[in-house]
Number of protein chains: 2
Amino acid sequence: MSCADEYTPQLRARGYRMTPQRLAILHTLHHSGGHLSPTEVYEKALTQLPSLTETTVYRTLEFLAENGLAHPAHMGSGHLVYEIAHHEHHHLKCRVCGAELEVNHTLLKSLYRQLELASGYRLTDSHLTFFGLCPTCQKGEN
Amino acid sequence: MSCADEYTPQLRARGYRMTPQRLAILHTLHHSGGHLSPTEVYEKALTQLPSLTETTVYRTLEFLAENGLAHPAHMGSGHLVYEIAHHEHHHLKCRVCGAELEVNHTLLKSLYRQLELASGYRLTDSHLTFFGLCPTCQKGEN
DNA sequence: TCAGTTATTGTAAAAAGTTGCAATAAGGAA
DNA sequence: TTCCTTATTGCAACTTTTTACAATAACTGA
């Protein structure tokens with residue numbers, strides 16, 4: 001199943017349009033395992049669609065995130081990375097060596113329920129990155 | 001107790017120095033209830049120390065966060081805000097109207113323990129912002 | 001108090017991200 | 001197919017954030 005076939009209906013259903021730019025960006029996210037920074041997305045997608053603009057990349061990534069086709073993740077220092085929305089998960093990153101772990105969303109489920117109960121809010125999204133020290137770096141630490 | 005008296009020993013203990021720039025920034029964070037963006041910190045601190053530079057503000061905020069004197073919080077779209085480290089808490093923000101709620105850190109304690117057990121990491125910091133719909137906006141939503 | 005060490009700052013330039021607006025083109029209707 | 005509406009893009013200017021490196025000044029020890 002092509003990216004076009006997979007994602008076009010999802011956009012149409014919400015009243016949005018599929019464009020070569022969005023397709024190139026979706027294709028890039030789809031075919032590169034992990035998370036990419038906006039610049040990385042731009043550079044990769046450029047080989048596919050040389051007319052692509054960085055502005056469009058930023059806007060499209062935010063657009064895809066708002067519509068659930070991509071997940072944004074905070075990677076510290078206020079930087080965002082994106083990845084295709086295969087499944088809900090979060091990240092746990094080592095402050096020292098940068099090693100990363102996936103945190104399954106099910107771990108957060110109970111926290112979500114508590115937050116919703118306590119606040120009255122309905123939680124929508126929260127691709128979060130937790131920070132800490134990985135086992136290896138803990139040994140070399142004070 | 002002045003900011004200088006309060007924070008200088010904490011920096012010294014870690015081998016760092018107190019400077020007029022750090023003091024001005026700490027003072028600014030200390031005396032303005034909520035969280036501030038780097039630009040807001042710069043503008044406010046400037047009245048106190050006209051020679052202050054934006055570069056220094058960025059560097060100092062990150063420095064203070066790393067050393068536990070300030071808390072960074074992800075406010076969506078990759079933007080960071082900072083506040084003085086009075087107590088551990090997180091934010092819950094409405095996607096529609098922007099209303100914000102404080103989430104006490106105790107709610108996250110059990111999640112932290114689970115994450116540490118499952119990963120072997122030692123969690124250090126995670127001033128997080130969760131996103132959702134507040135009760136009011138839920139009514140006006142589909 | 002003074003000199004030495006080096007953490008910290010400022011400068012300037014680059015990189016990253018945002019915004020307004022006119023031009024373009026995707027998709028629905030005729 | 002062709003026209004029309006308007007979502008979407010590109011451009012250009014702007015704001016925000018980062019980086020390299022030389023100059024400065026905070027603390028330590030004599």
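Every chain is numbered from 1, with letters handed out A, B, ... down the list of sequences. Quick note: numbers below take in every heavy atom, side chains included, and nothing from hydrogens, waters or symmetry partners.
Of all heavy-atom pairs between A:A45 and A:A24, the closest is CB-O, 4.1 Å. Across all their heavy atoms, A:P72 and A:L80 have their closest contact at CB-CD2, 4.3 Å.
The shortest distance between side-chain heavy atoms of B:T39 and B:V57 does not fall below 4.5 Å. Looking at A:R12 and A:R17, their side chains never come closer than 4.5 Å, going by heavy atoms from C-beta outward. Counting only heavy atoms from C-beta outward, the side chains of B:L52 and B:L49 approach each other to under 4.5 Å. Here the side chains of A:L11 and A:L69 are in contact, with some heavy-atom distance below 4.5 Å.
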Could you go through nucleotides 28-30 of chain D and list every protein N or O atom that sits under 3.5 Å from one of its N or O atoms, giving the distance for each pair?
none

Grab the N/O contacts between the protein and nucleotides 3-5 of chain D below 3.5 Å, and write none if there aren't any.
none

Polar atoms only, N or O, under 3.5 Å: list the protein pairs with nucleotides 22-24 of chain D and their distances.
none

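Every residue two or more places apart in sequence or in another chain that forms a side chain to side chain contact (heavy atoms under 4.5 Å, CB included) with A:L23 is listed here: A:C3, A:A4, A:M18. Residues satisfying the side chain to side chain contact (heavy atoms under 4.5 Å, CB included) criterion with A:E66, sequence neighbours excluded, are A:E62. For B:R59, the side chain to side chain contact (heavy atoms under 4.5 Å, CB included) criterion is met by B:T55, B:T56, not counting sequence neighbours. Qualifying ring-ring contact (aromatic ring centres under 6.0 Å, His included) partners for A:Y58, counting only residues two or more places apart in sequence or in other chains: none. Residues forming a side-chain hydrogen bond (donor to acceptor under 3.5 Å, both in side chains) with A:E43 (at least two apart in sequence, or on another chain): none. Residues satisfying the side-chain hydrogen bond (donor to acceptor under 3.5 Å, both in side chains) criterion with A:Y42, sequence neighbours excluded, are absent altogether. Contacts of A:E40 classified as side chain to side chain contact (heavy atoms under 4.5 Å, CB included), with partners at least two apart in sequence or in another chain: A:L36, A:S37.
In the helix from C:dT1-D:dA30 to C:dA30-D:dT1, the terminal helix axes, each the rotation mapping four pairs' C1' atoms onto the next four within five end pairs, subtend 30°, rounded to 10°.
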Exercise. Summarise how protein sits on nucleotides 9-18 of chain D as a single string, 5' to 3': B when a protein heavy atom is under 4.0 Å from the base, S for sugar-phosphate-only contact, - for no contact.
Key: BBBB---SSB
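Atom CG of A:L36 is separated from atom P of C:dA16 by 14 Å (rounded to the nearest Å). Here D:dC27 presents its P atom at 9 Å from CG of B:L11, a figure rounded to the nearest Å. Taking atom OH of residue A:Y82 and atom C1' of nucleotide C:dG17, one finds them 10 Å apart after rounding to whole Å. The distance from atom CG of B:L26 to atom P of C:dT8 is 13 Å, rounded to the nearest whole Å.
Comparing B:F63 and A:Y16 along DNA chain C, the residue whose closest nucleotide (by nearest heavy atom) sits nearer the 5' end is B:F63.
Taking the centre and axis of the six-membered ring of A:Y7, the NZ or CZ atom of A:R22 falls outside the cone set by 45° and 6.0 Å.
Side chain of B:H31 to backbone of B:H27: a donor-acceptor contact under 3.5 angstrom is found.
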